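What you are looking at is a predicted structure, and each value in this text was computed from that prediction instead of being measured. The figures here come from the full heavy-atom set of this structure, side chains too, leaving out hydrogens, waters and symmetry mates.
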Amino acid sequence: DGLAIVKANFPSGNQNFQIYLDYSYSQNTTANTTTITLKMGLYCVNSYASYTWHTNGATLARITYYNAGSSTASNQQSTGNGYDLRGHKAGDYVQLLSTSVTVTHASDGTCKAITLYGSCNCSNTGQGLGTVSTTFTPPRIPRASSFNSVPSTMTLGQAYTVTISPASTSFTHTVKITAGSRTLTKNLAAGVTSCTFSASETDLLYDQIPNSNSGSATVSLTTSVGLS
């Protein structure tokens, strides 16, 4: 669903290559989660980036995140292997590490900012310890559907139809009409966007306005997540 690349220069030496982060994300509306995949490596600025070096255990890709209802956590991958850029040309991305994590959003669908970080030690070629970082806030995941159309007038003894706009096609819904002490209920399966209360059903509300030609009723919508 999303994709971004962030680059940074090394602190010293020539700038024939840069350290980069490449991250993407996908969201699961039903589970209320975002999965983030982080890749880090070296970007060849020009074809002269033909070095072999050792990373001294400082090659690292890390995601720091916050799961709703828990404390800050992180997921990372690291290595002490050396890498060879010979044979790569300008514009090449040489991936060194990859890691991913699934983050649970809060009950309202929001998620705190996530920090993405990468480092690589190229000190033996004069570049030093390169680091790159960025933050990413996943988009809010809709948690409640809404009405699309609710007629303001209902005639008792006639059919009455409402339509909804589901936040997700996997959500199920309940529509209720309440007048006084009586409630009419319709359960909508996943993917269903409208319901009709029949003439005989609306007729049942007559006894709630026995001494008047009109009355008031409330139409409500309840969203259920992960049910069918």
Side-chain angles (χ1 to χ4, degrees), residues 1-6 21-40 61-77 98-118 133-154 159-179 182-198 201-202 205 216-228:
D1 291 347
L3 175 65
I5 294 177
V6 181
L21 296 179
D22 178 350
Y23 66 95
S24 61
Y25 73 93
S26 62
Q27 294 187 307
N28 185 320
T29 302
T30 301
N32 197 28
T33 59
T34 292
T35 297
I36 302 159
T37 298
L38 173 65
K39 301 174 183 178
M40 68 80 57
R62 181 173 64 221
I63 303 173
T64 302
Y65 60 97
Y66 180 90
N67 266 327
S70 65
S71 58
T72 300
S74 63
N75 189 32
Q76 67 182 41
Q77 293 290 329
S98 177
T99 188
S100 65
V101 69
T102 297
V103 181
T104 301
H105 288 227
S107 58
D108 64 357
T110 60
C111 184
K112 291 187 177 181
I114 295 167
T115 301
L116 310 173
Y117 172 86
S133 65
T134 188
T135 58
F136 165 68
T137 302
R140 180 181 180 274
I141 298 176
R143 305 314 296 154
S145 302
S146 60
F147 282 115
N148 181 46
S149 174
V150 182
S152 60
T153 301
M154 174 195 301
Y160 182 81
T161 299
V162 300
T163 61
I164 66 171
S165 298
S168 168
T169 56
S170 67
F171 290 174
T172 60
H173 303 88
T174 301
V175 177
K176 294 182 179 181
I177 301 175
T178 301
R182 188 179 297 277
T183 299
L184 307 178
T185 301
K186 290 288 186 181
N187 295 313
L188 281 64
V192 178
T193 60
S194 68
C195 65
T196 297
F197 294 85
S198 67
E201 287 176 305
T202 62
L205 301 178
S216 62
T218 300
V219 184
S220 63
L221 173 66
T222 301
T223 303
S224 298
V225 178
L227 303 176
S228 60

So, the side chain of [X] versus the backbone of [Y]: is there a donor-acceptor pair under 3.5 Å, distance only?
X: Q27; Y: P139; answer: yes
X: N148; Y: S165; answer: no
X: R62; Y: T99; answer: no
X: T163; Y: S149; answer: yes

Spacing of [atom1] belonging to [X] relative to [atom2] belonging to [Y], to within rounding of 0.5 Å:
X: T161; Y: F197; atom1: OG1; atom2: CZ; answer: 9.5 Å
X: H173; Y: S220; atom1: NE2; atom2: OG; answer: 12.5 Å
X: L188; Y: F171; atom1: CG; atom2: CZ; answer: 14.5 Å
X: S98; Y: D22; atom1: OG; atom2: CG; answer: 9.0 Å
X: T72; Y: Y66; atom1: OG1; atom2: OH; answer: 7.0 Å
X: Y117; Y: L21; atom1: OH; atom2: CG; answer: 10.0 Å

Compare every heavy atom of [Y] with every heavy atom of [X], then report the nearest pair and how far apart it is.
X: T185; Y: K176; answer: OG1-CG, 3.8 Å
X: S100; Y: I63; answer: CA-CD1, 4.1 Å
X: T64; Y: S74; answer: OG1-CB, 3.9 Å
X: T223; Y: S145; answer: OG1-N, 3.0 Å
X: C195; Y: K186; answer: SG-CB, 4.0 Å
X: P151; Y: V162; answer: CD-CG1, 4.2 Å

Contact between [X] and [Y] at the side-chain level, heavy atoms closer than 4.5 Å - yes or no?
X: T172; Y: N187; result: no
X: I177; Y: E201; result: no
X: Y25; Y: I114; result: no
X: C111; Y: V103; result: yes

Taking it one step at a time, do T134 and Y23 satisfy side chain to side chain contact (heavy atoms under 4.5 Å, CB included)?
CA-CA 10 Å; T134 188; Y23 66 95; 3.9 Å; yes
Residue among N28, N32, T34, T110 satisfying side-chain hydrogen bond (donor to acceptor under 3.5 Å, both in side chains) with H105
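Testing H105 for a side-chain hydrogen bond (donor to acceptor under 3.5 Å, both in side chains) against N28, N32, T34, T110 leaves exactly one candidate, T34.
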Once ring pair (Phe, Tyr, Trp, His ring centres under 6.0 Å) is applied, do any residues pair with Y160, and if so which ones, sequence neighbours excluded?
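Here no residue qualifies.
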